[in-house]
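Indexing begins at 1, ligand by ligand and atom by atom, following the structure's order. Start at 1 with the first residue, then count along the sequence. Hydrogens, waters and symmetry mates are skipped; everything else that's a heavy atom, side chains included, is used.
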Amino acid sequence: MFEEERSMMVRYQLMDRDIVDRRVLKAMEKVPRHLFMDESLWDRAYSDMALPIGEGQTISQPFMVAIMTELLELKGDEKVLEIGTGSGYQAAVLAELCREVYTIERIERLAQRTKRVFDELGYTNITLRVGDGTVGWPEEAPFDGIIVTAAAPEIPEVYIEQLSDGGRLVIPVGERYSQMLYKVERTKAGPLIYTSTPCVFVPLIGEHGWKEDQ
Ligand code: SAH
């Protein structure tokens with residue numbers, strides 16, 4: 001179902017906007033994005049926008065999922081941490097591209113629903129936990145990639161600490177309603193920071209993020 005829509009999404013929203021990593025394009029051609037949202041939204045599932053998933057949260061626009069995934073430069077054998085599971089779509093795309101995905105969601109209700117979707121689709125390399133992802137997942141560190149799909153006021157130091165040498169962190173950082181996407185590479189000489197694209201994400205709420213009532 002929706003194969004045609006998925007192909008058009010890859011061609012016009014991703015390739016035409018210079019997403020070039022063939023593995024990323026292939027994964028997004030494969031993962032059934034509509035199954036990560038309510039059936040009432042299926043007619044818009046492959047359109048060029050973020051969509052609501054309940055609890056005031058959103059599933060990111062396909063282009064944003066693609067560019068963030070591409071920045072992680074996955075080859076297949078990596079261990080990746082995602083903060084902000086939400087619908088689970090981004091985690092599923094990652095699961096197609098690396099060895100193991102660890103993902104943390106702070107809202108229990110979303111996490112429960114998403115866990116069922118992972119089970120139904122047969123993803124066995126995704127581990128989902130409920131909690132505050134701003135402290136990372138120290139028991140499972142180091143990670144070859146960390147992707148934060150909610151916006152932080154600044155780059156939490158713990159993420160860099162939990163990266164392997166050469167590992168990459170992709171994170172939107174900035175103000176409450178507008179941010180810049182950054183890639184931070186951990187090297188022996190210290191973190192290298194690259195600026196990607198302006199973006200808008202829901203807030204990362206927690207100890208090293210925004211406070212609940214801000
Ligand atoms: N990657 C998701 C995007 C979800 S939106 C997808 O593909 O659908 C961002 C998510 O981050 C929301 O579900 C929100 O509840 C969650 N979030 C915000 N702060 C968090 C924190 N400190 N730890 C874990 N999840 C958090």
**OP:** Decide, yes or no, whether a salt bridge links Asp144 with Lys79 under the criterion of side-chain N to carboxylate O below 4.0 Å.
**Re:** no
Extract all N/O-N/O pairs under 3.5 Å that connect ligand 1 to the protein, and present each with both atom names and the distance rounded to 0.1 Å.
unit_1	atom_1	unit_2	atom_2	d
ligand 1	1 (N)	Glu82	OE2	3.0
ligand 1	1 (N)	Gly84	O	3.0
ligand 1	1 (N)	Thr149	OG1	3.0
ligand 1	7 (O)	Gln90	N	3.2
ligand 1	8 (O)	Ser87	N	3.1
ligand 1	8 (O)	Ser87	OG	2.6
ligand 1	13 (O)	Glu105	OE1	2.7
ligand 1	13 (O)	Glu105	OE2	3.3
ligand 1	15 (O)	Glu105	OE2	2.6
ligand 1	19 (N)	Ile205	N	3.0
ligand 1	22 (N)	Asp132	OD1	3.0
ligand 1	22 (N)	Ile205	O	2.7
ligand 1	23 (N)	Gly133	N	2.8
ligand 1	25 (N)	Arg106	N	3.2

Original post:
Arg6 and Tyr46: side-chain donor and acceptor closer than 3.5 Å?
Top reply: yes
Subject >> Member of Lys26, Arg23, Lys30 meeting the salt bridge (Lys or Arg N to Asp or Glu O under 4.0 Å) criterion with Glu96 >> reply: Lys30
**OP:** With sequence neighbours left out, write down each residue that passes side chain to side chain contact (heavy atoms under 4.5 Å, CB included) with Asn125, or none if nothing qualifies.
**Re:** Ala95, Tyr123
Subject >> Pairing residues for Arg11 by the side chain to side chain donor-acceptor pair (under 3.5 Å) criterion, not counting sequence neighbours >> reply: none
Original post:
When clusters are formed from ILVMFWY side-chain contacts under 4.5 Å, directly or step by step, what else is grouped with Ile193?
Top reply: Leu81, Ile83, Tyr102, Ile104, Trp137, Phe143, Ile146, Val148, Ile155, Val158, Tyr159, Ile160, Leu163, Leu169, Ile171, Val173, Met180, Tyr182, Val184, Leu204
